Structure formats: C-alpha cells, structure tokens
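What follows is one structure encoded as structure tokens, with my remarks underneath.
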Amino acid sequence: MDEQTLFTLVTNSTALEGSTLTLRQNEKLLGSGISSEGKTIAEQLLNLDVREAYLAAIKDAGAHQVWSGYRIKLLAAKALRSYGFDTNRVGSDAILQGICREANEARMHAHSLGKDAIREVALSINDKVEDAGLWPRGNGLMARLLMNMLEIELGLEPTTTEFIREEDPVEPVVQPKIKTSTRVLEILSAHPRYTTDDLAKLLGISSKGVEKHLAKLKKSGYLQRIGPDKGGWWKVIEIR
C-alpha cells in the first residue's frame, strides 16, 4: 500500500472518531513527524496510533495470518492506545471469536468467492464490530481497520469512508511557539507511561533530544520517575 492511501485511511477513520486533522496535516504528521499548531495532543496521538495499527494490519495481511481474538486484541492495543483503557478486555469474547470465524471462512474460500462476495463479508465484519461495542471507545475505528485488513489480504482495494472535513485553506500564519519542555509535560500529564520513543515520535525530535529534556525537567523538579525504566511511569509535579 502506498503512503497516500495509508494517510487517507487513517485520516478518514480518525475523523469519524472526532479528530480534526486534515489529510494535509496528517501527511506532515505521519510522514514527517511535523505536528500542527492548534491541534490537540490527544487527536495527534490517536492518528499516530492508528497509523501503527494499520501498518501492523497490512503486515499481518501480507503474511496471511489466521484471525484470532488474540491477534485482534494486539491490533486494538495499537489503535486504541491513546484512549488509556485495557484493550484485552472486550464486551464479548464469543462475538469476537464469531467475527474471526467469519473472516477465516472467507479467507479459506477466497479462491471460489467473487470480489462482491468478499466485499460483503468485509462489510459484515465492519458492521458486527461496530455494533458489538467490544471496547469502551473506538469501535468504529476498529471496525474499519479489520474491514480493510481483510480486503487488503484478499486483493481488494480498501474501502474508505468519505472524509467529512474540508481541508484547511491555509495553515495558520503566525502562532506562538510552545516550548518543547512544556509539551513534554503536557503529554506525560495525560499519558504518564509513554516511553522516550513515544515522545520522540510525537515531538519530531530524536530520542537523545527527549532524554535531555527529561533530564532537565527532573533536575528542575517538574518531573519525577516512579518505578523502573521498564514498567514505571512519569509523575508531573507542575506544568509550566
């Protein structure tokens, strides 16, 4: 899949979850790591997470991985990461297993099914995931991700929902620049378990650059590390 198609899928899907990023802004964020002024950290994190989930789904589709509840939960852990709930806990494991069986049945008989029949199965999976309410949030997003994953594996163009937000005519001309250290504190205040790599990806700087900001913030008393490097979390003392 080319990058433009990937960016379009991510933009369309997250737009229906409340993201206000346009396709052009997502091209900058997802392609070059450049964030847009005036957009919230939460919605930018959501778009980054959904991109990672789509990349994982595309990889699984290419490897023809069997659908399972465990596999779907792994994708949900990527796509819904910024929501902050346990994606391993679903509303109904029985419904999730039924969705996997439907997908695997289509995969097994793909050679005898026509494109229209395959598309119907993909749309059926989309509807069932969305209607089941397997997770507290993001069910529509996961429904589109799984629909697209099946389509990609079986050689169809991925279905895209119509993008409901017009492109911004121009980028803001002048915006006050927010200090990187302040952005670090804002992100960690909302997501205390984010790693150095997570911060680097969102801020568009190197991991070493993030480490320098973290060290300064700890030294200044604005940030405290609770627990070990792996498994611990960040405590923001004060947001500047």
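Please read all numbers here as calculations on a predicted model, not as lab measurements.
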Could you give all pairs that pass the side chain to side chain donor-acceptor pair (under 3.5 Å) test and reach residues 206-217, with sequence neighbours left out? D197-S207
Can you list everything that forms a side chain to side chain donor-acceptor pair (under 3.5 Å) with [X]? Sequence neighbours excluded, please.
X	answer
D93	K73
Q224	none
T196	none

Are [X] and [Y] packed together at the side-chain level, in the sense that at least one heavy-atom pair is separated by less than 4.5 angstrom?
X	Y	result
L150	V121	yes
L29	I34	no
E43	L21	yes
L199	L214	yes
L146	N126	no
E52	L55	yes
L6	D2	no
I237	L223	no

If you look only at pairs with a residue in residues 223-233, which of them pass as a salt bridge (charged side-chain N to carboxylate O under 4.0 Å, His left out), with sequence neighbours excluded? none
Hey, could you give me each pair passing salt bridge (charged side-chain N to carboxylate O under 4.0 Å, His left out) that has a residue in residues 74-83? Not counting sequence neighbours. R81-D198
Please report the shortest heavy-atom distance between S82 and L45, naming the atom on each side. CB-CB, 4.1 Å
Minimal heavy-atom distance between V50 and A79, with the atoms involved, is CG2-O, 4.0 Å
May I ask you to list the residues sharing a hydrophobic cluster with W233, side-chain cutoff 4.5 Å, ordered by chain and number?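 Hydrophobic cluster check, W233: joined to I226.
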Starting from Y70, walk the hydrophobic network (Ile, Leu, Val, Met, Phe, Trp, Tyr; side-chain heavy atoms closer than 4.5 Å) and list everyone else you reach, by chain and number. L74
Anything under 3.5 Å between a donor and an acceptor, one on a side chain of residues 96-111, the other on a protein residue two or more places apart or in another chain? List them.
unit_1, atom_1, unit_2, atom_2, d
E102, OE1, K128, NZ, 2.8
E102, OE2, S124, OG, 2.9
N104, OD1, W67, N, 3.0
N104, OD1, R107, NH1, 3.0
N104, ND2, W67, O, 3.0
N104, ND2, C100, O, 3.1
E105, OE2, H109, NE2, 3.1
R107, NE, E153, OE1, 3.0
R107, NE, E153, OE2, 2.9
R107, NH2, H64, O, 2.9
R107, NH2, Q65, O, 3.3
R107, NH2, E153, OE2, 3.1

Could you grab the distance from atom [atom1] of [X] to atom [atom2] of [Y], nearest 0.5 Å is fine?
X	Y	atom1	atom2	result
S35	L48	OG	CG	9.5 Å
N26	T8	CG	OG1	9.5 Å
M147	M149	CE	CE	12.0 Å
S19	L46	OG	CG	6.0 Å
R144	N139	CZ	CG	10.0 Å
L9	I58	CG	CD1	7.5 Å

Would you please name every residue forming a side chain to side chain contact (heavy atoms under 4.5 Å, CB included) with L156, sequence neighbours left out? K115, I118, R119, E151
Would you mind telling me which of D49, T5, N148 makes a side-chain hydrogen bond (donor to acceptor under 3.5 Å, both in side chains) with Y54? N148
Could you give me the CA-CA distance, side-chain angles and deciding distance for L154 and L113, then say whether side-chain contact (heavy atoms from CB on, under 4.5 Å) is met? CA-CA 10 Å; L154 300 185; L113 293 174; over 6 Å; no
Test your reading of the model: is there a side-chain donor-acceptor pair from [X] to the backbone of [Y], 3.5 Å cut-off?
X	Y	value
Q44	K39	yes
W234	S189	no
R51	F7	no

Step by step, would you call V236 with L217 a side-chain contact (heavy atoms from CB on, under 4.5 Å)? CA-CA 9 Å; V236 175; L217 289 168; over 6 Å; no
Count I, L, V, M, F, W, Y as connected when their side-chain heavy atoms are under 4.5 Å apart, and connections chain through other members. Are M142 and F85 then in the same cluster? yes
For R71, which residues count as a salt bridge (charged side-chain N to carboxylate O under 4.0 Å, His left out) partner, sequence neighbours excluded? D60
Restricting to ring-ring contact (aromatic ring centres under 6.0 Å, His included), what partner residues turn up for Y194, sequence neighbours left out? H191
Determine, stepwise, if the pair L23 / Q4 fulfils side-chain contact (heavy atoms from CB on, under 4.5 Å). CA-CA 9 Å; L23 177 58; Q4 190 63 32; 3.7 Å; yes
Check the side chains of T11 and N47 for a donor-acceptor pair under 3.5 angstrom, ignoring hydrogens and angles.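 The answer is no; no qualifying pair exists.
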